[in-house]
Structure formats: structure tokens, C-alpha cells
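Since the structure comes first, as C-alpha cells, the remarks are kept for the end.
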Amino acid sequence: MIKRTRIEELVEFVEKKVLIKGWVSVVRQQGKMAFFDIRDESGSIQGVVFGKPEVLDVAIKIKPEYVVSMKGVVNKRPEKMIKAGTQNGDIELEITAIEILNEAETPPFPINEDTIDKDEEVRLKYRYLDLRTKRMQKNLRLRSDFVRHCREFLFERNFVEIETPLLTESTPEGSRDFVVPSRHYPGNFYALPQSPQQYKQLLMNSGFEHYFQIARAIRDEDLRADRGYEHTQIDIEQAFVEREDILSLVETMIIHTVESLGFTIKDKPFPRLTYAESMERFGADKFDLRNDEEKAKGVLSYAWVVDFPFFEKTDNGDWTFSHNPFSMPKKEHVDYLLQQERVGEILTDQYDLVCNGFEAGGGSIRAHKPEIIEAVYQIMGNSTKETEEKVGHILKAFKYGTPPHGGIALGVERNVMNLTGESGLREVQAFPMTRRGQTAVMKAPKPLTVEQLLELGINIKPKKEDI
Ligand code: ASP
């Protein structure tokens with residue numbers, strides 16, 4: 001029995017017998033002949049049946065997206081039939097046997113066309129078919145490559161990959177939490193993590209000086225094109241570092257990763273602007289330094305924004321943190337913070353990575369002393385008791401010899417969007433939510449059964465229209 005050959009390897013099998021397996025993309029029947037485009041994950045090839053009535057009998061039953069196993073001989077195409085520049089454009093498969101492994105209904109949209117302009121609800125309902133298309137295959141493979149390069153880079157530099165809990169306590173990341181009811185403690189709830197922020201800092205305390213995780217962050221945000229409920233981040237934290245260490249680590253990782261993937265970076269080293277400079281020049285803390293030609297060529301323009309204000313005023317005039325309550329004020333502003341004075345002037349060692357006008361990552365050097373975190377929470381209007389309630393576990397942990405540390409999180413989707421040139425987050429996620437917050441393919445959110453509600457001690461308030 002011959003073994004299956006991947007379609008990308010067929011060029012090495014000219015004049016040899018092969019067995020391929022895959023999906024039929026295109027089928028054309030012409031009297032005593034039938035032509036196919038057959039694809040597997042590695043590529044596509046044209047196949048032809050002629051002069052074999054028993055094979056033709058099977059061939060005429062086949063429709064697009066049927067799953068087939070085909071035996072045949074790889075032939076060089078005649079000179080004038082060569083499709084230069086296309087994969088397998090100079091060979092074809094002379095099919096000698098076909099087995100239909102599975103039939104397929106007519107898909108709701110053609111699989112061999114780009115689906116970007118198709119109704120997104122339909123694409124997401126049939127996401128498993130949408131993912132078969134060339135662009136989606138390319139996007140998800142590029143995403144995998146991006147993550148792989150970063151991961152390998154970090155492993156080479158002593159980083160340890162550690163998972164942190166998904167069922168946890170609310171973290172102050174600035175969005176709403178998704179909550180999960182507890183069966184054992186009716187009326188009590190877990191929160192899904194908005195980021196692994198506190199756990200990664202606790203790991204610094206645990207003696208893991210180099211941590212990373214490809215972490216899921218879950219936030220109940222208003223849905224927009226570049227936002228969903230879930231995103232993935234390359235989450236990094238390191239002990240005994242200063243700002244420069246993290247910036248240089250991430251800059252080297254990004255340059256290494258995107259150049260290995262064949263992309264061009266506009267400026268190296270990455271330009272560095274303070275928040276104040278950025279606001280003055282661009283009126284925003286993110287900007288695009290590329291000209292039109294560079295944009296057309298897909299050049300990547302990275303830059304750092306540093307020295308963010310620690311606090312900003314809320315609509316009702318209270319102070320809140322601008323980025324991250326666990327950040328360290330800049331050295332020269334530590335006293336202002338501890339004395340809780342000149343609050344609006346306090347800058348923090350927070351940094352953002354900007355790419356092509358978007359925020360591609362953000363992090364900070366952290367406060368590793370409890371009194372700094374306490375002062376931050378007091379400035380934000382918390383009493384000692386409220387601070388204890390919110391971050392008492394961190395304050396306690398930080399009394400046991402916490403090393404100075406800092407970190408960053410890079411948004412995987414945002415970075416891959418910049419690489420692919422896609423303008424929507426969902427184009428680089430396998431099974432994203434719909435714009436209306438419903439799961440692709442499956443049917444969440446949906447009601448619980450009465451038994452589940454009883455078990456969880458949950459009473460659903462009837463809707464007005466049901467009364
Ligand atoms: N926790 C931050 C975020 O998710 C990133 C960081 O400061 O490391 O945005």
C-alpha cells in the first residue's frame with residue numbers, strides 16, 4: 001500500500017505513483033474527462049481523469065468540498081499548459097482511482113473565494129467552512145508562526161511558561177468582569193481574568209524570575225471591530241529589571257520574529273517618544289510614522305511611548321489610574337505619590353509599544369513595595385479597609401521579599417492584524433464572537449436549565465414582556 005503524499009511534495013514525484021487525500025475545490029466534467037482541483041493543508045493540484053470509465057463513474061458523483069482519496073501518476077504538463085508562478089503549475093495528477101471518503105453539502109459561500117465581503121454572521125455560523133478559505137488559512141498560520149517565534153525566543157532566554165487560573169478574583173484592569181457562578185458557594189462568583197497581572201507579579205515573588213504565558217484575557221467590553229470579549233496576549237514578567245531591560249528584550253523579540261517572517265521594519269531601533277511628546281505631535285498616544293508608499297508595501301513601523309501620567313480624572317472628578325494601578329512612579333515622583341501631592345504630575349514607568357498607529361503592547365515597571373500600592377489606592381479614594389479588600393493579598397505577599405520587577409503584554413491579535421493587514425480582530429481569530437456577542441458556530445449565551453439555576457442558587461428576574 002502506498003503512503004499518502006502531501007500535495008506540496010508532489011513535485012518530487014514526477015512520473016511516480018502517488019496517493020493524495022484532501023478536499024475537492026473545483027470540479028469540471030467534460031464528456032469523457034473530468035478535471036479537479038484538489039487541496040490539502042499544504043497546497044493544491046489539478047487532477048484529470050480520462051480514458052478510465054470506471055474512474056469516471058465515481059468522478060461524476062463528486063461535488064466541491066467532497067473529501068477524497070485519489071491515486072494517480074504525477075505528470076509534467078505540456079509546455080504551453082504550464083501555469084507559471086502557481087504552486088504545482090507545471091504538474092498535474094493523472095487520476096487512476098478515486099475513493100469518496102465523505103460527501104459535502106453545497107457550502108453557504110464558495111470556499112475558493114475570499115469571504116471578506118460576505119455576511120459576517122453567516123461566516124461565523126459556518127466558521128469551520130470560512131476557515132477553509134485561503135486567506136483565513138494564511139492568517140491563522142501566520143498567527144501560529146508569530147506566537148511560535150516569540151515563544152522560542154523567550155525559551156532561549158530562560159523564560160518559563162506558566163499558566164495562571166481562569167477562574168479567579170476580579171482584577172482592576174479597567175473593564176467589566178465576566179463572572180462565573182459557584183455551585184459550592186451559591187451567591188458567590190468567580191471572575192474570568194482580564195489579564196494575569198496579579199498572578200504574574202506573585203510569580204516574581206515565588207522566585208520565577210522570568211515568566212511568560214500565551215494568556216487569554218477576557219473583558220466584558222463594548223464590541224467593536226478591533227475589540228472582542230476575548231483576546232490573547234504574550235504576557236511577560238521579569239524580576240530584577242529596569243525599564244530598559246524590558247524595552248530591549250521586547251524590541252529584540254519583535255525584530256527577530258517579524259523579520260524571520262519576512263517583514264520589513266521602518267525604524268531600528270524603535271523610535272521612543274514620551275507621552276507628552278506624542279500628544280503634542282500627534283494628539284494621541286498612538287501614531288503611524290509610515291508614508292503612503294510604506295503603508296502600501298506593508299512596512300511595519302514600531303515605536304515606544306514612555307512616561308505616562310500615573311493618574312487621570314474620572315468624569316466625576318476622582319483620580320483613577322491611567323494604565324495599571326500596580327505600576328511604579330518614576331523615581332523622581334515616588335515622594336509625590338507617598339505624600340499624595342501633585343497627583344496630576346506624577347509620571348509612571350509605563351510603556352506602550354505602538355505599531356502602525358495601534359497599541360501593540362503595554363506594560364510597566366511595577367511597585368514592589370506595599371506602601372506604594374497603598375498610596376495609589378488611597379489617591380484613588382479607597383479607605384484602608386477598601387484597599388485591603390481589593391488588593392490585600394498583594395500587599396501581604398509583597399511583605400515577604402518581593403524583587404523589583406516589570407513586564408509587558410503584547411496583544412497577539414493586534415500584532416497579527418498588523419502583519420496580515422487585516423482591519424478586524426475577528427479575521428485573525430479562529431472562533432471569535434459575533435458583533436452581537438454570540439459565539440461562532442455554537443449557541444452561547446443561552447439560558448440555564450431550571451436544575452442548573454437551582455443548583456447555583458440563582459433566581460432570574462422575569463423580563464417585563466414575560467409577565
Ligand atoms: N496587564 C496589562 C494588560 O493586560 C499588561 C501589563 O502591564 O503587563 O494590559
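These numbers were taken from a predicted model, which means no experiment stands behind them. Remember, it's 1-based here, ligands and their atoms both numbered in the order they're listed.
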Fill in the blank from the handout: If you compare E359, Q197, R219, Q350 by their heavy atoms, the one closest to atom 4 (O) of ligand 1 turns out to be R219

Practice task
Would you check if there is a donor-acceptor pair between the side chains of Q238 and H210 at a distance under 3.5 Å?
Solution key: yes

Problem - N/O separation below 3.5 Å, D235 to ligand 1 - result: no

Handout entry: Within-cut-off N or O pair, S364 and ligand 1, under 3.5 Å
Key = no

Exercise for the section: Answer yes when D349 and K331 have at least one side-chain N-carboxylate O distance shorter than 4.0 Å, and no when they do not. Expected result: no

Handout entry: Atoms of ligand 1 close to G363 [distance to a heavy atom under 4.0 angstrom, numbered from 1]
Key = 6 (C), 7 (O)

Problem - K200 N/O to ligand 1 N/O under 3.5 Å - result: yes

Fill in the blank from the handout: The salt bridge (charged side-chain N to carboxylate O under 4.0 Å, His left out) partners of R157 (sequence neighbours excluded) come to none

Handout entry: Pair R135 + E422: basic N to acidic O under 4.0 Å
Key = yes

Exercise for the section: Considering the heavy atoms of R366, write down every atom of ligand 1 situated less than 4.0 Å from one of them. Expected result: 6 (C), 7 (O), 8 (O)

Exercise for the section: Decide whether the shortest distance between a heavy atom of Q233 and an atom of ligand 1 is less than 4.0 Å. Expected result: yes

Practice task
Pull out every atom of ligand 1 sitting under 4.0 Å from any heavy atom of N324, numbered as shown with elements.
Solution key: 7 (O)

Problem - Ligand-residue contact atoms, ligand 1 with I408, heavy atoms, under 4.0 Å - result: 8 (O)

Exercise for the section: Report yes or no: do Y211 and D235 form a side-chain donor-acceptor pair below 3.5 Å? Expected result: yes

Problem - Structural part of S195 in contact with ligand 1, heavy atom criterion under 4.0 angstrom - result: side chain

Problem - Q197 and Q201: side chain donor to acceptor below 3.5 Å - result: yes

Fill in the blank from the handout: The ring-ring contact (aromatic ring centres under 6.0 Å, His included) partners of Y275 (sequence neighbours excluded) come to F308

Exercise for the section: Would you check whether G362 reaches within less than 4.0 Å of ligand 1, judged by its heavy atoms? Expected result: yes

Exercise for the section: Please determine if E8 and R6 form a salt bridge, counting it only when a charged side-chain N lies under 4.0 Å from a carboxylate O. Expected result: yes

